J.: 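Please find one structure pasted underneath; my questions will follow.
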Amino acid sequence: MTKQTLEELYDLAYQRHVQPIPGAYTSYLYAQGQDKILKKVGEEATEVILGAKNNREELIYETADLFFHLMVLLVSTGVSLAEIEAELGARVGQQSRLHERQDWRGEA
Ligand SMILES: N=c1c2ncn([C@@H]3O[C@H](COP(=O)(O)OP(=O)(O)OP(=O)(O)O)[C@@H](O)[C@H]3O)c2ncn1[C@@H]1O[C@H](COP(=O)(O)O)[C@@H](O)[C@H]1O
């Protein structure tokens, strides 16, 4: 089975940005502009929720759609995948803040 990493997907989205291909969906999204890309991310996020409520195949399918559109959004705003990884990395080892809250079991 062919697999594609998020890094490869990001690179593909980046390539379509710097070297648009007429008729390619990714290039079409960039040409439509930021609002179109944001709208697609919103739609795909909603479809992830609906997919999760249906079955795991739909969840997988819709999550892939969302990841793709998130990569397009990151590329279009000049945010690198490395910056997202750094943000995630900064959280490694951090304890959930939930335990610090007094009210999480209604103990306010
Ligand atoms: N991973 C994806 C990928 N995931 C989802 N999509 C597209 O995202 C769209 C989502 O479907 P929707 O029904 O929500 O959207 P739509 O009705 O087609 O489009 P809108 O009119 O709503 O904008 C579909 O057109 C899918 O083809 C993707 N398009 C491209 N890729 C990757 O990007 C590569 C380059 O694609 P092109 O840019 O098309 O060459 C492909 O080979 C893939 O590896």
Side-chain angles (χ1 to χ4, degrees):
M1 181 171 79
T2 306
K3 285 189 181 179
Q4 187 178 49
T5 65
L6 291 181
E7 198 170 313
E8 287 165 347
L9 188 59
Y10 184 96
D11 288 346
L12 221 153
Y14 180 79
Q15 279 311 315
R16 287 287 189 272
H17 189 53
V18 295
Q19 207 172 353
I21 294 188
Y25 179 71
T26 318
S27 301
Y28 152 80
L29 281 179
Y30 294 126
Q32 291 290 301
Q34 184 82 334
D35 282 355
K36 171 70 179 181
I37 296 169
L38 292 173
K39 187 165 170 274
K40 290 304 294 181
V41 169
E43 282 174 17
E44 301 304 343
T46 302
E47 284 170 22
V48 166
I49 294 167
L50 298 176
K53 292 222 172 235
N54 286 340
N55 57 61
R56 68 191 304 278
E57 284 70 32
E58 267 191 51
L59 173 59
I60 291 167
Y61 187 90
E62 300 301 349
T63 299
D65 265 359
L66 177 59
F67 280 5
F68 165 73
H69 286 89
L70 278 175
M71 295 306 148
V72 171
L73 175 62
L74 293 178
V75 167
S76 73
T77 48
V79 174
S80 71
L81 208 49
E83 287 174 273
I84 307 301
E85 288 168 350
E87 176 57 38
L88 289 170
R91 299 176 191 183
V92 171
Q94 275 184 6
Q95 274 202 304
S96 155
R97 278 183 280 263
L98 189 59
H99 74 286
E100 293 169 6
R101 291 179 51 186
Q102 305 267 294
D103 62 345
W104 73 285
R105 281 190 196 136
E107 294 167 359

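Numbers here simply count residues along the sequence, with the first being 1. Owing to the predicted nature of the structure, the values given are computational and were not obtained by experimental measurement. In listed order, ligands and their atoms are each counted from 1. Computed from heavy atoms alone, side chains included, the values below leave out hydrogens, waters and symmetry copies.
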J.: Do Y10 and T5 come close enough that some side-chain heavy atom pair is under 4.5 Å?
T.: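 Side-chain contact under 4.5 Å: no.
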
J.: My question is simple, although I want it checked carefully: is atom 27 (O) of ligand 1 less than 4.0 angstrom from any protein heavy atom?
T.: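 There is no protein heavy atom less than 4.0 Å from atom 27 (O) of ligand 1.
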
J.: Please check if atom CD in E57 has more than 12 non-hydrogen atoms from other residues, nucleotides or ligands closer than 6.0 Å.
T.: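 Result for CD/E57: enclosed.
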
J.: Before you tell me yes or no, could you show the steps for D35 and L38 under side chain to side chain contact (heavy atoms under 4.5 Å, CB included), namely the whole-Å CA-CA distance, both residues' side-chain angles and the distance that decides it to 0.1 Å?
T.: CA-CA 5 Å; D35 282 355; L38 292 173; 4.3 Å; yes

J.: What atoms of ligand 1 come within less than 4.0 Å of a heavy atom belonging to D65?
T.: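 Heavy-atom distances to D65 below 4.0 Å select 4 (N), 5 (C).
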
J.: Side chain of Q19, backbone of R16: donor and acceptor closer than 3.5 Å?
T.: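 Looks like no, no N/O pair under 3.5 Å.
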
J.: Does the residue Y28 have a heavy-atom contact with ligand 1, meaning some pair of atoms that are separated by less than 4.0 Å?
T.: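 Judged by the 4.0 Å heavy-atom criterion, Y28 does count as contacting ligand 1.
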
J.: Could you tell me, atom by atom, which parts of ligand 1 come under 4.0 Å of a heavy atom of E44?
T.: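 Going through ligand 1 atom by atom, the ones under 4.0 Å from E44 are 10 (C), 14 (O).
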
J.: Note the single closest protein heavy atom to atom 1 (N) of ligand 1, along with its residue, its atom name and the distance in Å.
T.: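 In this structure, atom 1 (N) of ligand 1 has F68 CD1, 3.5 Å as its nearest protein heavy atom.
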
J.: Do any nitrogen or oxygen atoms of E47 lie less than 3.5 angstrom from nitrogen or oxygen atoms of ligand 1?
T.: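 No.
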
J.: Is the contact between I21 and ligand 1 made by the side chain, the backbone, both, or neither, using heavy atoms and a 4.0 Å cut-off?
T.: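 Answer for I21: neither.
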
J.: Run the salt bridge (charged side-chain N to carboxylate O under 4.0 Å, His left out) test against K36 and tell me which residues pass, sequence neighbours left out.
T.: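 Counting only residues at least two positions away or on another chain, K36 forms no salt bridge (charged side-chain N to carboxylate O under 4.0 Å, His left out).
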
J.: Among L12, L6, T26, which residue meets the side chain to side chain contact (heavy atoms under 4.5 Å, CB included) test with F68?
T.: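 Checked L12, L6, T26 against F68; only one passes side chain to side chain contact (heavy atoms under 4.5 Å, CB included): T26.
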
J.: Nearest 0.5 Å, please: how far is OH in Y61 from CG in D65?
T.: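 If I round to the nearest 0.5 Å, the distance is 5.5 Å.
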
J.: Suppose I only count heavy atoms of K36 and a 4.0 Å limit; which atoms of ligand 1 are within that range?
T.: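 Heavy-atom distances to K36 below 4.0 Å select 20 (P), 21 (O), 22 (O), 23 (O).
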
J.: Heavy atoms only, cut-off 4.0 Å: how does R16 contact ligand 1, side chain, backbone, both, or neither?
T.: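 Near ligand 1, R16 shows its side chain, while the N, CA, C and O stay back.
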
J.: Protein heavy atoms: any of them under 4.0 Å from atom 17 (O) of ligand 1?
T.: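 No; the ligand atom in question lacks any protein heavy-atom contact below 4.0 Å.
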
J.: Would a 4.0 Å cut-off, counted as strictly less than, catch a protein heavy atom around atom 41 (C) of ligand 1?
T.: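 Flag for atom 41 (C) of ligand 1 set to false, no protein heavy atom closer than 4.0 Å.
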
J.: Which heavy atom in Q4 sits nearest to a heavy atom in L9, and how many Å separate them?
T.: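 Scanning both residues completely, I find the closest heavy atoms to be OE1-CD1, 3.4 Å.
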
J.: Could you list which atoms of ligand 1 come closer than 4.0 Å to a heavy atom of T26?
T.: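 Listed by number with element, the hits are 35 (C), 36 (O), 37 (P), 38 (O).
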
J.: Nearest to atom 8 (O) of ligand 1, what protein heavy atom do you find, and at what distance?
T.: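 Answer for atom 8 (O) of ligand 1: Y25 CE2, 3.2 Å.
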
J.: Flag yes if more than 12 heavy atoms outside E7 fall under 6.0 Å of its CD atom; otherwise flag no.
T.: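 No - once you tally the heavy atoms of other residues, nucleotides and ligands closer than 6.0 Å, there are 12 at most.
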
J.: Measuring from atom 14 (O) of ligand 1, which candidate in E43, Q15, K40 has the nearest non-hydrogen atom?
T.: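 Among E43, Q15, K40, the closest heavy atom to atom 14 (O) of ligand 1 comes from K40.
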
J.: Atom 34 (C) of ligand 1: which protein heavy atom is closest, and how many Å away?
T.: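 It is L12 CD2, 3.2 Å.
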
J.: To the nearest 0.5 Å, what is the distance between NZ on K40 and CG on L73?
T.: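 Reported value, rounded in 0.5 Å steps: 13.5 Å.
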
